[in-house]
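The sequence lines fix the lettering, A, B, ..., with proteins before strands; numbering per chain opens at 1. Just so it is clear, the model here is predicted, and its values are computed rather than measured.
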Number of protein chains: 2
Amino acid sequence: MGLTKTEMFTDLQNEISLFAKVLGHPARVAILQHLFKIDTCVCGDLVNEIGLAQPTISQHLKELKQLGLIKGNIEGTSVCYCINTENWTKMKEIMSQFLNLDILKKEDCC
Amino acid sequence: MGLTKTEMFTDLQNEISLFAKVLGHPARVAILQHLFKIDTCVCGDLVNEIGLAQPTISQHLKELKQLGLIKGNIEGTSVCYCINTENWTKMKEIMSQFLNLDILKKEDCC
DNA sequence: TTAATATATTGCAATATTACGATAAATATT
DNA sequence: AATATTTATCGTAATATTGCAATATATTAA
């Protein structure tokens with residue numbers, strides 16, 4: 001089937017998994033790390049930075065943009081990509097709340 | 001192709017994406033949340049708790065176990081699953097470090 | 001206008017993921 | 001031993017993901 005049955009889960013569960021999913025590819029992790037590292041707009045040198053073909057990078061950028069984690073502004077013939085810090089913070093809060101479930105836990109049971 | 005080119009990325013990038021990937025399905029998120037919530041072993045009532053078929057749950061549990069996020073102890077005819085808190089903490093640290101890349105960032109550029 | 005440059009989209013092949021019925025394996029109960 | 005119970009594995013169908021060549025689109029430069 002390959003089709004996730006989202007209707008049986010809560011909005012939060014689906015939201016967490018969607019964010020996790022988009023971070024679930026090393027190319028997208030690398031893109032985000034690079035955008036943070038240069039701390040400014042990157043105008044398309046991601047194809048050189050990462051070793052994948054231009055259409056592949058473009059596709060990964062599209063997925064990151066769809067989730068709102070990055071934004072792209074057209075600057076002449078190239079596109080200026082950067083982190084959407086506001087949305088990143090929201091994502092981070094949702095993910096952190098989930099990751100921190102262990103702080104309420106008393107002890108291992110088995 | 002469907003095949004990720006892991007060899008072009010760093011170990012950390014691959015590790016982050018693997019953790020994110022296993023969290024990238026709402027059923028696995030729900031399983032983890034439930035294991036945290038009951039704060040004790042759960043012996044197979046996950047199938048009732050979540051609405052998916054038994055083999056499907058079993059498969060998701062296998063993936064979580066492979067990444068080390070949960071452990072399962074056989075107790076008679078059932079299996080006692082619970083969070084592997086030690087590994088969860090390690091995972092949380094790796095993911096948090098990545099998610100916190102924004103705190104070094106000065107300002108949005110575009 | 002024409003050519004050059006940069007990015008997006010399309011189409012497709014290969015592989016991965018999701019889900020579940022059927023069945024196996026392992027232990028408990030009678 | 002025979003049966004019941006619980007979980008794992010196998011097999012398979014449907015869908016998703018990844019990657020890239022070819023091509024389209026859009027802007028800039030000549």
- Is the B/Trp88-B/Phe19 ring centre distance short of 6.0 angstrom? no
- Message: Tell me whether B/Leu3 shares a hydrophobic cluster with A/Ile50, the cluster being built from Ile, Leu, Val, Met, Phe, Trp, Tyr side chains joined at under 4.5 Å.
- Response: no
- Message: Consider side chain to side chain contact (heavy atoms under 4.5 Å, CB included). Of A/Asn14, A/Leu18, A/Leu12, which one does A/Ile16 pass it with?
- Response: A/Leu12
- Separation of A/Asp45 atom CG from C/dT5 atom C1', in whole Å? 15 Å
- Query: Quick one: is B/Lys21 getting a side-chain N or O under 4.0 Å of the C/dA16 phosphate, OP1 or OP2?
  - Reply: no
- Using a cut-off of strictly less than 4.0 Å, decide whether A/Lys5 has a side-chain nitrogen or oxygen near OP1 or OP2 of C/dC20. yes
- Heavy-atom donor-acceptor pair, A/Thr77 side-chain to C/dT5 base, under 3.5 Å: yes
- Note on the structure: When rounded to whole Å, the CG to C1' distance for the pair B/Leu18 and C/dT17 reads 15 Å
- In whole angstroms, how far is the C1' atom of C/dA8 from the CG atom of A/Leu64? 16 Å
- Note on the structure: Testing C/dT7, D/dA16, D/dC20 for proximity to the side chain of A/Ser78, the answer is C/dT7
- Note on the structure: Which of D/dT7, D/dG19, C/dA8 is nearest the side chain of B/Tyr81? It is D/dT7
- Message: Given C/dA19, C/dA8, D/dA8, identify the nucleotide with an atom nearest to the side chain of B/His60.
- Response: C/dA19
- Message: Can you work out whether A/Leu3 or B/Gly2 has the more 5'-proximal nearest nucleotide on DNA chain D?
- Response: A/Leu3
- Task: Would you indicate which nucleotide in C/dT9, C/dT18, D/dT9 comes nearest to any side-chain atom of B/Ser58?
- Result: D/dT9
- Of the listed nucleotides C/dA19, D/dT17, D/dA8, the one nearest the side chain of B/Gln59: C/dA19
- Message: Quick check on side chain to side chain contact (heavy atoms under 4.5 Å, CB included): which of A/Leu52, A/Val42, A/Leu61 does A/Ile31 satisfy it with?
- Response: A/Leu61
- Touch class at under 4.0 angstrom, heavy-atom based, for B/Leu61 against every strand present: nothing
- Message: Whole angstroms only, please: what is the CD1-P distance between B/Ile74 and C/dA26?
- Response: 9 Å
- Roughly how many Å is it from CD1 in A/Ile50 to P in D/dG19, rounded to a whole number? 11 Å
- Item | OP1 or OP2 of C/dT7 under 4.0 Å from side-chain N/O of A/Lys62 | no
- Message: Check this for me: A/Gln97, atom CD, are more than 12 non-hydrogen atoms of other residues, nucleotides or ligands nearer than 6.0 Å?
- Response: no
- Ignoring the backbone of A/Thr56, work out which of C/dT7, D/dG19, D/dA8 is nearest its side chain. D/dG19
- Result for 5'-nearest mapping on DNA chain C, choosing between B/Gly76 and A/Pro55, is A/Pro55
- Message: Nearest to the A/Thr4 side chain among D/dG19, C/dA8, C/dT18, which nucleotide is it?
- Response: C/dT18
- Given atom CG of B/Leu23 and atom C1' of C/dT17, what is their separation to the nearest angstrom? 16 Å
- Task: Figure out the CZ/P separation between A/Phe9 and C/dT18, and round it to whole Å.
- Result: 11 Å
- Task: Check the distance between C/dT7's P and A/Ile57's CD1 and give it to me in whole angstrom.
- Result: 11 Å
- Query: Would a hydrophobic clustering, with Ile, Leu, Val, Met, Phe, Trp and Tyr connected at side-chain separations under 4.5 Å, put B/Ile74 with B/Ile70?
  - Reply: yes
- Measure distances between side-chain N and O atoms of B/Gln54 and base N and O atoms of D/dA8, and say whether any donor-acceptor pair falls under 3.5 Å. yes
